[in-house]
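These values consider heavy atoms only, across backbone and side chains, with no hydrogens, waters or symmetry-generated copies. Throughout, protein chains are lettered first and strands after them, A, B, ... in sequence-line order, and every chain is numbered starting at 1. Given the structure is predicted, the values throughout are model-derived calculations rather than measurements.
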There are 2 protein chains.
Amino acid sequence: MKAFELPIALRPPEGPNPCERCALRTNPAFIDIPQEQRDAIQSFRRGSRRVDAGGAIIREHRASTQLFTIYSGWAFRFKTLSDGRRQILSFLLAGDFIGLQDEFADGQTHGVEAASEVHLCVFDRADLWTMFHTQPRLGYDITWLAAREEKLVDDNLVTAGRRNASERVAMLLMHIYRRARHAGLEREGWVHFPFQQQHIADALGLSLVHTNKTMRRLHHLGLYRIERGWLRIQDPQALETLGDYFERPVRPTPLV
Amino acid sequence: MKAFELPIALRPPEGPNPCERCALRTNPAFIDIPQEQRDAIQSFRRGSRRVDAGGAIIREHRASTQLFTIYSGWAFRFKTLSDGRRQILSFLLAGDFIGLQDEFADGQTHGVEAASEVHLCVFDRADLWTMFHTQPRLGYDITWLAAREEKLVDDNLVTAGRRNASERVAMLLMHIYRRARHAGLEREGWVHFPFQQQHIADALGLSLVHTNKTMRRLHHLGLYRIERGWLRIQDPQALETLGDYFERPVRPTPLV
DNA sequence: CGTCGTATTGATAAATCTCAAGCAGCGTGG
DNA sequence: CCACGCTGCTTGAGATTTATCAATACGACG
């Protein structure tokens, strides 16, 4: 079986008590929580939503009235300048919590777009204060997720600001690979990679052409392979060193 | 009286009930809160700290056991690559809350450095969960601040990734000016600006020399002035347009 | 087979970086 | 009081990186 023949789009459970049968909960990447907290989260859950690749999860400049947890698939946050230049701010995958910023941004918000078919669990933003008030643990976990998200953006800012083209690509490939693997999405060394070169260029702050030439070079050195939407890291050490990007093993993450 | 003759370093009140006499509380930039919440915050407060310009508030790669609220002065968060290249992630001023990320980052942290003399209110990170648990409102406000901080980094990432040198400088000047003014720190059109060109270069992802030449050009066009550590925007509209950086009026901010 | 979107490649232009040097302010020691 | 040394700002020249333009290739799909 080839990795790229695996199914990717995983749907959240339907029917009563969906959170009971949540596939992410059994994933060791996420912190296990007592029944009571699980019930609390389920009480705030308003259903699920599916977005196809390329579809908008949250439109730019428009405050969303909903919050989402990604259940499966890859998405990304982005902003565009008025002449169309786009910057991808961070990539999102299973377990990431979306939409918090909108609460405070008065419409000056980023957009969120699906890079592959994405399934989401939906919450009402109007419930946010109730979540904090009645379930402080939930509030703490949301803050945890927000802080982690900021750390990701910090790293991307270092990349865009201070790394050259090869270092940027190396860093990005390792970053995507590690995040997917941590979330338990690696299959025989491959992880799902539905991004086009334009996405990579927009994430790294490079032009499409230069991104292509740089990726070609690293590919030719045998550092990685991308085939039919799947990524494999051939020489992790070389990419880590080139990108000056090392990461300690990550602790389990809260899941809302 | 020239603006640059004004005192800048404001010390937090000493003695019993310091939060009662907190100068930031009377600032309309910050949300007014009931006595009870103020008492709660004070009960977590562990004192104050002064850091001179250039001093470290939090050392890079080292998890801080404390959390801080900036009381006065300018600071900045940064990361360095192993060969010394430095990226400034965001600037910090009165009301900003520091150190949250460290809770989750396992030592992979940014540093925080004072750009001018800085005064801080100190909290124990060990109290963080108690804060959320006993004072959900406080937890909510901390999340608010974390989300706003992430929005700042988002904007900086767009700048480093997709703006050219002139646009970057224009954006940065307007950004600093607006934040200081929102915090009530503007005096006759001037705001305190203790940054060197190296700071600006490191924030924008440019070399020092190119930063200098670009700033010179905008200065020569009469768009701004920097004198003795104070900044004045001469042509806000031109800088806004050049930087493609518009901001709506900002609501009052929570203060911890 | 034609069409479309994406990937690839070469040639050239533009932006940015690096190196090197000079200048100005400022605190210090003689 | 002044020469000295230090730090930060400024400027020019040339090297390097990255962007832009233009053309082709390739694969999916109707």
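Distance CE (A/M215) to P (C/dT8): 8 Å, rounded to an integer number of Å. The separation between A/K213 atom NZ and D/dT18 atom C1' is 10 Å, rounded to whole Å. The CZ-C1' distance, from A/F195 to C/dA7, rounds to 18 Å in whole Å. As a whole-Å value, the separation of B/H220 NE2 from D/dT10 C1' is 14 Å. Across the protein-nucleic acid pair, B/N164 atom CG and C/dC17 atom P stand 12 Å apart, rounded to whole Å. As rounded to whole Å, 14 Å separates atom P of D/dT11 from atom NE2 of B/H210. As rounded to whole Å, 16 Å separates atom C1' of C/dA24 from atom CD of B/E227. Spacing between atom CZ of B/R162 and atom C1' of D/dT20 amounts to 13 Å, rounded to whole angstrom units.
Among the nucleotides D/dT18, D/dT11, D/dA19, the one closest to the side chain of A/S207 is D/dA19. Here D/dT10 is the nucleotide among D/dT18, D/dT10, C/dG10 with the atom lying nearest to any side-chain atom of B/N212. Comparing C/dC17, C/dT9, D/dG12 by their closest approach to the side chain of A/V209 singles out C/dT9. Checking D/dT20, D/dC9, D/dT18 against the side-chain heavy atoms of B/Q196 singles out D/dC9 as nearest. Each of D/dT20, C/dC17, D/dT18 was ranked by its minimum atom distance to the side chain of A/L206; first place goes to D/dT18.
Residue-level contact check: A/G54 touches neither bases nor backbone, having no heavy atom under 4.0 Å from any strand. Residue contacts shown for B/L208 are absent, as no nucleic acid heavy atom lies under 4.0 Å away.
A/H192 and A/W230 have tilted rings, their planes meeting at an angle from 30° to 60° on a 0 to 90° scale.
The minimum heavy-atom distance linking B/D244 with A/S82 is given by the pair OD2-N, 2.7 Å.
Put simply, CG on A/L218 and CG on A/L173 are 7.5 Å apart, with the number rounded to the nearest 0.5 Å.
A sub-4.0 Å separation between OP1 or OP2 of D/dT10 and a side-chain N or O of B/Q197 is present.
A salt bridge is defined here as a Lys NZ or Arg NE, NH1 or NH2 lying under 4.0 Å from an Asp or Glu carboxylate O, and A/E150 with B/K151 fails to meet this definition. Ion pairing of A/R85 with A/D202 is absent here, as no side-chain N (NZ or NE/NH1/NH2) approaches a carboxylate O to less than 4.0 Å.
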